[in-house]
Chemist: 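Structure below; questions to follow.
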2 protein chains.
Amino acid sequence: MNDFFRLAPPLSDRDSWTAADWCPMERALDLIGTRSAMTLLREVFYGAARFDDLARRAGVTPAVASQRLRQLVDSGLLERRPYQVPGQRTRYEYAVTERGLEVFPIIAALTRLGDRLPRESEKMVALSHAGCGERVVTEVRCAAGHAVTPADTVVSILQPAPDAQEG
Amino acid sequence: MNDFFRLAPPLSDRDSWTAADWCPMERALDLIGTRSAMTLLREVFYGAARFDDLARRAGVTPAVASQRLRQLVDSGLLERRPYQVPGQRTRYEYAVTERGLEVFPIIAALTRLGDRLPRESEKMVALSHAGCGERVVTEVRCAAGHAVTPADTVVSILQPAPDAQEG
DNA sequence: CTGTATCCCAGCGGATACTG
DNA sequence: CAGTATCCGCTGGGATACAG
C-alpha cells in the first residue's frame with residue numbers, strides 16, 4: 001500500500017457501489033461475466049488454441065465464439081498469434097496473456113466448487129496437479145501470505161487524498 | 001483418490017464435454033453463473049444479511065433479489081435463518097452455509113482480477129486482510145500443497161471402473 | 001421491512017447459411 | 001479451417017406496483 005490512498009467512510013454507510021468504476025469484481029464481470037467467456041477461457045487453459053477446437057470444446061456456436069474471442073482479445077486477456085508450420089499456410093492461435101493468467105484462479109475455484117456439488121453421473125472431469133496427481137484447490141491468502149477467511153477480511157473504499165502528491 | 005475411478009481416454013479425443021453432468025465448472029456456473037448471484041453472494045461475504053441491504057448493495061431490484069436468493073438457498077449455498085430481537089417481530093437473515101464457503105475463493109479471485117484491470121476512477125473498493133491490512137489474493141495449489149500453474153495441470157475424464165466394488 | 005407479480009427490453013446464445 | 005451475417009427464442013434483469 002502506498003499513502004496515495006486513504007480510507008473512506010465505513011462500508012455500512014454506503015448504498016450500492018455497484019459501479020464498475022469502483023468495484024473490482026464488477027469490472028471483472030464486465031469482461032468474463034458471460035458463460036461463453038468462462039467456458040472459452042477454460043478451454044484455453046485446458047490446452048485448446050485453435051478457433052475450431054475452442055468453439056467445439058466450449059460447446060458454443062462459431063458465431064458466439066467469434067464475438068466472445070474478439071472481446072477477450074480486445075480486453076487483453078487473450079492474444080491472437082500467427083504461427084507458421086513450414087510448408088503450410090499461416091494459422092492463428094489464441095493464447096493467454098500475462099493479464100489473462102489472473103483468470104486461472106477463477107477457473108480453478110469454480111471447478112473446485114462444482115467438484116463438491118452433488119452430480120448425476122459418476123463420470124466426471126477432474127483437474128489435477130501434473131506433478132503429483134492431487135486435485136487442484138484454491139487458497140485465499142493475503143499478500144503477506146496469511147491464510148484468510150471471509151471473517152478475516154475488511155472491505156474499504158479507498159480514494160485519493162486531496163493533498164496527495166504523486167511520485 | 002480412491003480406485004473406484006480410472007482414467008478415460010485423453011482429452012484431445014473428446015468433443016464438447018460441456019454437459020453439467022461431467023464438467024464441475026458447468027455445475028458451478030449453473031448455480032452462480034448469473035451476475036445477480038455473484039453480486040448478492042459478494043454482499044453476503046461483505047457482511048450484509050437482510051433482504052433489503054442485500055438488494056440495495058448488490059444493486060438489483062427486489063424482484064431479482066427475491067428470485068435469486070431463493071435459488072441460492074435451494075442450492076444450499078445460502079440459508080435463510082429466522083432470528084429474534086427480544087421485543088421485536090421475527091426477522092430473517094441470509095447466511096453462508098458450509099458449502100457456500102466454497103464461493104469465497106471465486107469472489108476473491110474475481111476481485112483480484114478486477115483489481116489489476118485499468119479503471120476510470122481513482123476511487124476504488126479494496127479487499128484486505130483484517131489482521132495485517134495486506135490485499136487479498138488467491139493461490140492455486142494442489143491438495144498436497146504444491147503451487148500449481150496452468151501448465152502444471154492435467155485434465156482427465158474419470159469414470160467408474162466397470163468391475164468396481166463399492167465400499 | 002420482506003418480499004411477489006407484471007410488463008418490458010436488451011443481451012446471450014442456438015441454428016443456419018455463407019465467405020476466404 | 002477460420003470465421004461472419006442473419007434470424008430468433010429465452011432468460012436475466014430494470015421499472016413499477018402491490019401484499020403481508
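Predicted model, so just to flag it, every value in this text is computed and none were measured. Only heavy atoms go into these numbers, but all of them, side chains included; no hydrogens, no water, no symmetry mates. Convention: sequence-line order gives letters A, B, ...; per-chain numbering from 1.
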Chemist: In whole Å, I'd like the distance from the CG atom of Leu29(A) to the P atom of dG12(D).
Modeler: 16 Å

Chemist: Among dG3(D), dG3(C), dG14(D), find the nucleotide with the atom closest to the side chain of Arg80(A).
Modeler: dG3(D)

Chemist: Return the value, rounded to whole Å, for the distance between atom CG of Asp53(B) and atom P of dC1(C).
Modeler: 9 Å

Chemist: Please identify which of these residues, Leu127(A), Thr111(A), Ile107(A), meets the side-chain contact (heavy atoms from CB on, under 4.5 Å) condition with Val136(A).
Modeler: Leu127(A)

Chemist: If I take atom CZ in residue Arg56(B) and atom P in nucleotide dG13(D), what distance separates them, rounded to the nearest angstrom?
Modeler: 19 Å

Chemist: Under 4.0 Å between a side-chain N or O of Arg68(B) and OP1 or OP2 of dG13(D)?
Modeler: yes

Chemist: Are Thr61(A) and dA15(C) close enough that a side-chain N or O sits under 4.0 Å from OP1 or OP2?
Modeler: no

Chemist: With the threshold set at 4.0 Å, does a side-chain nitrogen-carboxylate oxygen contact exist between Glu26(B) and Arg35(A)?
Modeler: yes

Chemist: Students often get this wrong, so: under 4.0 angstrom with heavy atoms, is Ala63(A) touching a base, only sugar-phosphate, or nothing?
Modeler: base

Chemist: Would Arg80(B) and Tyr92(B) count as a cation-pi pair here, with the cationic atom under 6.0 angstrom from the ring centre and within 45° of the axis?
Modeler: yes

Chemist: Return whichever of Pro62(A) or Thr34(A) has its heavy-atom-nearest nucleotide of DNA chain C closer to the 5' end.
Modeler: Thr34(A)

Chemist: For Gln67(B) and dC7(C), what is the distance between atoms CD and P respectively, to the nearest whole Å?
Modeler: 16 Å

Chemist: Could you state the atom-to-atom distance from OH of Tyr92(A) to C1' of dG20(C) in whole Å?
Modeler: 12 Å

Chemist: Nearest to the side chain of Arg91(A), heavy atoms from C-beta on, is which of dA2(D), dC1(C), dG13(C)?
Modeler: dA2(D)

Chemist: Output the single nucleotide from dG3(C), dC1(D), dG13(C) whose closest atom is nearest the side chain of Tyr94(B).
Modeler: dG3(C)

Chemist: Can you tell me the distance, in whole Å, between the CG atom of Leu40(A) and the P atom of dA2(D)?
Modeler: 14 Å

Chemist: Tell me whether the side-chain N/O atoms of Ser36(A) come closer than 4.0 Å to OP1 or OP2 in dC12(C).
Modeler: no

Chemist: Atom CG of Asp30(B) to atom P of dC10(D): distance rounded to whole Å?
Modeler: 18 Å

Chemist: Pairing donors with acceptors under 3.5 angstrom, does anything connect the side chains of Arg112(A) and Thr138(A)?
Modeler: no

Chemist: Any side-chain N or O of Arg50(A) under 4.0 Å from OP1/OP2 of dA2(D)?
Modeler: yes

Chemist: What is the separation between atom CZ on Phe51(B) and atom P on dA19(D), rounded to the nearest whole Å?
Modeler: 17 Å

Chemist: Can you tell me if Asp74(B) uses its side chain to pair, donor with acceptor, with the backbone of Gln71(B) under 3.5 Å?
Modeler: no

